[in-house]
Amino acid sequence: MKPGEKLLKRDKPAYVLDATATIHFAKLTMLNLTLEICNAYITREVYAEAVERGGAYPDALVIKDAIESGRLKVYDIKDKRFIEALLRHPEIHVGEAETITAARELGGLAVIDEKEARVIANLYKVKTAPGCLFLLFRLLKLRKITINEAEENLEKLLTSGLYLDPLTLLTARKKLRAYTSEKG
């Protein structure tokens with residue numbers, strides 16, 4: 001940096017997406033909308049899980065296209081020791097450990113569906129958000145989708161295989177109803 005130059009602020013937040021959010025939002029054709037609201041990253045392990053092991057599934061092709069177009073970036077972890085520390089927790093698998101580490105290195109937000117992984121990330125002072133629901137409500141708040149689309153996509157997430165415990169699902173539905181009454 002030259003003297004007198006100001007640091008540029010990111011125009012969008014950095015989100016490091018776990019495999020669950022990446023795959024489900026690709027299935028719902030909402031990945032591209034998500035990429036409009038953030039600088040999005042996935043790690044090598046998430047890439048392997050979502051694209052390489054995803055094979056010819058349509059969602060794998062959507063993710064691969066987003067990477068090839070440069071809208072979704074694959075991030076290479078620098079601090080391997082931090083991953084090792086995270087993997088000492090039996091609740092964490094490699095994809096989550098890499099997602100947490102990447103968020104830490106990028107100063108971003110780890111977008112992870114698994115609550116146990118978010119709890120462990122928070123122990124290490126890494127900011128997290130609850131995966132698919134966070135992205136759904138973020139898109140709604142930023143008016144990228146309507147309340148009706150949010151409700152429809154919540155149901156599509158469930159039918160596409162996303163597991164939400166009953167309390168979390170009830171809370172999400174209540175939040176959507178409250179949003180409807182606020183706006184309507």
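Position 1 is the first residue of the sequence, and the numbers go up from there.
Taking hydrophobic clusters as Ile, Leu, Val, Met, Phe, Trp and Tyr residues chained together by side-chain heavy-atom distances below 4.5 Å, L158 shares a cluster with F137. By the criterion of side-chain heavy atoms lying less than 4.5 angstrom apart, applied directly or through intervening Ile, Leu, Val, Met, Phe, Trp or Tyr residues, L142 is grouped together with F134 in one hydrophobic cluster. Note: the hydrophobic cluster containing L109 also contains V74 (ILVMFWY, side chain heavy atoms under 4.5 Å, direct or indirect links). Neither Y163 nor I23 shares a network with the other; the hydrophobic side chains, linked directly or stepwise wherever heavy atoms of I, L, V, M, F, W or Y lie under 4.5 Å apart, form separate groups for each. When hydrophobic clusters are built by joining Ile, Leu, Val, Met, Phe, Trp and Tyr residues whose side-chain heavy atoms come closer than 4.5 Å, directly or via intermediates, Y57 is not grouped with L28.
The closest donor-acceptor contact from the side chain of H89 to the backbone of E91 lies at 3.5 Å or more, if one exists at all. Side-chain atoms of D59 never come within 3.5 Å of backbone atoms of A26 as a donor-acceptor pair (strictly under, hydrogens ignored). For E152 (side chain) and E149 (main-chain N/O), no donor-acceptor pair under 3.5 Å exists by modelled atom type. At least one donor-acceptor pair under 3.5 Å links the side chain of D79 to the backbone N or O of F82. Not a single donor-acceptor pair under 3.5 Å links the side chain of E98 to the backbone N or O of G95.
Of all the heavy atoms in A21 and C132, the pair that sits closest is CA-SG, 3.7 Å. Closest of all the heavy-atom pairs between Y179 and L140 is OH-O, 3.6 Å. Closest approach of V126 and A110 over heavy atoms only: CG1-CB, 4.5 Å. Closest approach of A60 and A50 over heavy atoms only: CB-O, 3.4 Å. L136 and F25 get closest at one heavy-atom pair: N-CZ, 3.7 Å.
With salt bridges taken as basic N to acidic carboxylate O contacts below 4.0 Å, none links K156 and E151. With respect to the salt-bridge test (charged N to carboxylate O, under 4.0 angstrom), the residues D165 and K115 do not qualify. R173 and E155 are joined by a salt bridge, as a carboxylate oxygen and a charged side-chain nitrogen come within less than 4.0 angstrom of each other.
One finds the OG atom of S160 at 4.5 Å from the NE2 atom of H24 (value rounded to the nearest 0.5 Å). Atom CG of L133 sits about 8.5 Å away from atom NZ of K175, to the nearest 0.5 Å. Going from atom CG of L86 over to atom CD1 of I92 covers 6.0 Å, rounded to the nearest 0.5 Å. From E96, atom CD reaches atom CG of L87 across 9.5 Å, with rounding to the nearest 0.5 Å. With rounding to the nearest 0.5 angstrom, the OG1 atom of T22 is 9.0 Å from the CD atom of E49. For the atom pair I77 CD1 and I100 CD1, the distance stands at 10.5 Å (nearest 0.5 Å).
Residues forming a salt bridge (charged side-chain N to carboxylate O under 4.0 Å, His left out) with K144 (at least two apart in sequence, or on another chain): E36. With sequence neighbours left out, E68 forms a salt bridge (charged side-chain N to carboxylate O under 4.0 Å, His left out) with no residue at all.
The 12-atom threshold is exceeded at NZ of K78, counting heavy atoms of other residues, nucleotides or ligands nearer than 6.0 Å. In K73, the NZ atom is crowded: over 12 heavy atoms of neighbouring residues, nucleotides or ligands sit closer than 6.0 Å.
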Derivation of the side chain to side chain contact (heavy atoms under 4.5 Å, CB included) call for D18 and E114: CA-CA 9 Å; D18 73 353; E114 292 76 14; 3.4 Å; yes

Can you check salt bridge (charged side-chain N to carboxylate O under 4.0 Å, His left out) on R118 and D113, steps first, answer last? CA-CA 8 Å; R118 290 194 312 273; D113 279 277; 5.9 Å; no

Side chain to side chain contact (heavy atoms under 4.5 Å, CB included) for T43 and Y41? Distances and angles first, verdict last. CA-CA 7 Å; T43 65; Y41 300 86; over 6 Å; no

Side chain to side chain contact (heavy atoms under 4.5 Å, CB included) for I147 and L176? Distances and angles first, verdict last. CA-CA 7 Å; I147 186 68; L176 283 172; 3.6 Å; yes

Run the side chain to side chain contact (heavy atoms under 4.5 Å, CB included) test on L169 and L154 for me, step by step, so that the C-alpha distance in whole Å, both residues' side-chain angles and the decisive distance to 0.1 Å come before the verdict. CA-CA 9 Å; L169 180 57; L154 176 58; 4.2 Å; yes

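For the 3.5 Å distance criterion, the side chains of Y75 and E105 qualify, holding a donor opposite an acceptor.
Of the listed residues (I67, L61, D65), just one forms a side chain to side chain contact (heavy atoms under 4.5 Å, CB included) with I63, and that residue is I67.
With a 4.5 Å cut-off on side-chain heavy atoms, L17 and I112 do not count as touching. The shortest side-chain heavy-atom distance between N32 and R71 falls under the 4.5 Å cut-off. Annotation: side chain of V16 is not in contact with side chain of I42 (no heavy-atom distance under 4.5 Å).
A cation-pi arrangement is not found for R104 relative to Y124, the charged atom failing to lie both closer than 6.0 Å to the ring centre and inside a 45° cone about the ring normal.
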